[in-house]
Amino acid sequence: MKFETILLTQIQPDYFFCFSTDGDSIALNSSINEMGLQTPLPVIACDKGFKLFAGFKRFEALKALKIDVIPCRVLDVEMSIDMHFANELKVHCLEKSINLLEKSRICNIISHPNFNSDARKSCLSIIELPDLKKIIDSYIRLLDLPENVQIFLSRTDVTIKQVEIFRALDIVDQSKFTNWALDWNIRPVELAQIIRLCLDIAKKDRSEPFSIFNAVLSKLESSDNRTQALAQVKQMLTDIKFPQLTAWQQAMKTNKKDLKAPQCVDIAWDNTAERPGINMKIRLQSNKDLSSFKQWFDDSRVNNIIHRMVES
Amino acid sequence: MQFKIEKIIIDDRVVEDALTLQVSSRLPDADVKIIHHKELAQELESITLTEGKRILLITRRSGELVKPCPATNPPYLCCRYTVINQAWQCPMDCTYCVLQGYLGKSVMTVFSDTDVIHSQIIALLESEPRRFFRFGTGELADSLALDPLTDQAAQWINFFYNRPNTLIELKTKSDNIDGALKAAPSNAVLAWSVNPKQLIDKEELHAASLEARLVAAKRAQEAGFMLAFHFDPMVLFPGWEQAYRNVVQQIFSTVDSKRIIWISLGAFRFPPSFDDVIRQRFPGSGILNAEMIRGLDGKMRYIRPLREKLFKTVVDEIRKYDKNLFLYFCMEAPWMWDRILGWTPDNNGHLDYHFALSVKKRFPQIDMSTPDIADYFD
């Protein structure tokens with residue numbers, strides 16, 4: 001490797017290797033304008049000059065600033081460009097974490113049939129993925145989604161499995177759901193849960209996921225508070241998906257209300273209904289509590305309701 | 001049953017084994033590929049589940065091939081069945097089959113080291129000489145689906161013939177019983193998984209029809225075999241109540257209930273990650289549409305009130321025909337036993353003990369010790 005200054009016109013960026021989503025070009029431009037290029041661009045000599053395979057954002061900034069002479073690191077041509085890419089990736093990952101979209105783009109790059117196999121192994125180890133086709137393909141599939149959805153998904157810690165949920169939607173619904181989430185400041189993980197529910201209901205009812213979601217939105221009582229609204233949407237969708245469980249829970253709630261239990265008694269049950277029966281906690285702090293509990297529990301009406309709850 | 005083995009992959013260590021020679025000779029049109037045993041994993045890696053249904057691997061396996069059924073976590077009860085894993089995967093393609101997720105991308109596999117399995121069984125029987133063991137080959141494979149190629153059914157039945165304190169159950173969705181019927185049926189149970197016709201047609205691809213299974217069961221019974229039926233997995237679909245009642249009626253109008261050693265019931269359940277496999281492989285299947293929750297063992301299952309209805313419908317119908325039949329649940333909670341069957345085993349060992357009691361009482365011709373609860377503690 002040697003450091004050289006090279007004319008910008010001699011550098012040909014190979015965008016095949018571009019994976020970064022880091023996009024604050026204004027800040028980068030002003031930084032270069034003020035302090036110059038701090039890190040020389042890595043290039044490799046080729047027939048018509050020099051090939052650039054990393055540092056694309058910096059290259060674009062230099063171009064925009066009309067800087068003609070660029071400090072570069074000219075790398076050894078004996079080593080393949082793929083291996084150089086792996087080395088640059090390692091440095092990149094030491095400096096900053098990579099997001100899901102970047103991981104997907106890297107998977108796409110290293111899955112090219114001509115990509116060097118040792119470099120591929122290196123890259124996978126750097127991005128902490130196993131060399132399993134099924135997993136790598138699932139990352140690459142993220143790139144089939146519309147660009148706005150890709151960017152939305154790369155914002156937080158959404159998993160690739162949650163991304164697959166988006167893929168189950170058609171392209172129009174993918175964008176509709178994403179736009180709604182952006183408007184409401186909903187995180188990708190939360191949106192994935194909502195889409196999953198809509199998909200399950202749609203499959204059962206043979207309807208469209210977004211129309212189900214729209215119908216639920218129209219019934220939303222309060223949309224001022226984001227957290228409350230989100231919880232309401234989820235609850236309404238869950239009620240649609242689990243009609244019998246919802247009916248069971250409703251019946252339990254009605255029974256509990258009818259019990260008119262004294263304050264010292266707390267009644268709860270397993271919300272999934274998996275464990276039958278009820279949990280009754282009695283907190284006796286005074287003789288008054290004891291007598292009110294006894295009076296309440298001896299009532300045959302109360303006993304009938306409890307019996308009903310236990311049997312349900 | 002319609003399926004075709006297009007390719008045989010043979011582990012280089014088993015080329016000369018009798019099973020390999022027999023299977024190869026019975027599949028003259030199949031491609032045969034002999035692979036060095038160390039390269040097998042690489043060879044199999046890229047084969048999809050669907051492709052794997054047309055490929056048979058004959059190999060050898062180190063480690064335990066006879067082991068307790070993996071069961072599930074408490075509070076759900078399990079019966080302490082012992083599984084013989086001489087084969088993996090099966091040529092049928094049921095949408096709900098847990099092997100899709102459990103074994104990953106496995107091709108159909110048969111292990112040719114029968115001697116090792118025999119010695120493992122004998123060692124197990126000798127380790128608890130007073131316990132009654134129920135063995136089965138139908139946990140990770142269909143016991144009879146490949147029998148026209150392997151002849152393993154008769155070998156198993158012969159191996160267990162008159163062996164004290166044990167029996168073998170061969171569980172299937174096929175009607176391939178010709179091989180089994182060649183053997184003498186002393187300690188052998190031929191068992192069928194059953195479901196309504198609507199479900200078999202839609203969700204049990206390449207499996208035999210219910211009628212064909214019951215005709216086979218009748219032939220097995222006439223040949224002196226004990227029978228078992230497994231309503232597992234029971235699946236909810238529109239009209240399931242009458243459909244399941246019809247299955248019970250068909251069973252009891254075809255075979256003599258006195259020859260049925262047990263009937264099991266288990267509702268559709270699966271590990272959470274498995275739903276993706278079903279959605280991907282069978283996008284048209286409706287089996288994931290019902291109300292399911294994550295159970296106390298982490299598996300997805302129908303909500304309890306639905307399972308109760310499902311079980312009650314079938315149990316009530318069975319009881320109309322035979323009140324004494326031994327019924328049990330696979331992976332159900334104690335309260336389900338109590339509510340539907342009217343009793344609850346204290347634990348898995350206690351359930352195992354009740355199996356032995358029932359067999360001793362109803363099938364006195366089987367050579368077995370009088371069950372003692374002390375022999376059945378875990």
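So that the names make sense, note that chain A is the first sequence line, chain B the second, and so on, each numbered from 1. From a predicted model like this one, the values you see are computed outputs, not experimental measurements.
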For this session: Give a yes or no answer on whether the side chain of B/W335 reaches the backbone of A/E274 with a donor-acceptor pair at less than 3.5 Å.
Result: yes
Seminar exercise, completed: Most heavy-atom pairs under 4.5 Å with chain B, out of A/K203, A/Q244, A/E311, belong to A/Q244
Exercise. How about residues 285-293 of chain B versus chain A: which residues have heavy atoms under 4.5 Å apart?
Worked result: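 Residues of residues 285-293 of chain B touching chain A at under 4.5 Å: B/S285, B/N289, B/E291, B/M292, B/I293.
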For this session: Report the option among B/M336, B/E308, B/R294, B/R307 that has the most heavy-atom pairs separated by less than 4.5 Å from atoms of chain A.
Result: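 Ranked by contacts with chain A, first place is B/R307.
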For this session: Assess whether atom CD of B/Q42 is packed by more than 12 heavy atoms of other residues, nucleotides or ligands within 6.0 Å.
Result: no
Problem set entry | Atom NZ of A/K234: over 12 foreign heavy atoms under 6.0 Å | yes
Exercise. How many angstroms lie between atom CZ of A/F242 and atom CG of B/L306, to the nearest 0.5 angstrom?
Worked result: 10.5 Å
For this session: Could you walk me through whether A/E164 and B/Q280 pass the side-chain contact (heavy atoms from CB on, under 4.5 Å) test, one step at a time?
Result: CA-CA 11 Å; A/E164 292 287 318; B/Q280 202 181 336; over 6 Å; no
Problem set entry | Smallest separation among heavy atoms of A/D131 and B/E45, with atom names |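 What the structure gives for the nearest pair is O-OE2, 4.5 Å.
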Exercise. Between A/P276 and B/R339, which heavy-atom pair has the shortest distance, and what is it?
Worked result: CB-NH2, 3.3 Å
Exercise. Measuring heavy-atom distances to chain B, does A/I201 have an atom under 4.5 Å in its side chain, in its backbone, in both, or in neither?
Worked result: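 Interface part for A/I201: neither.
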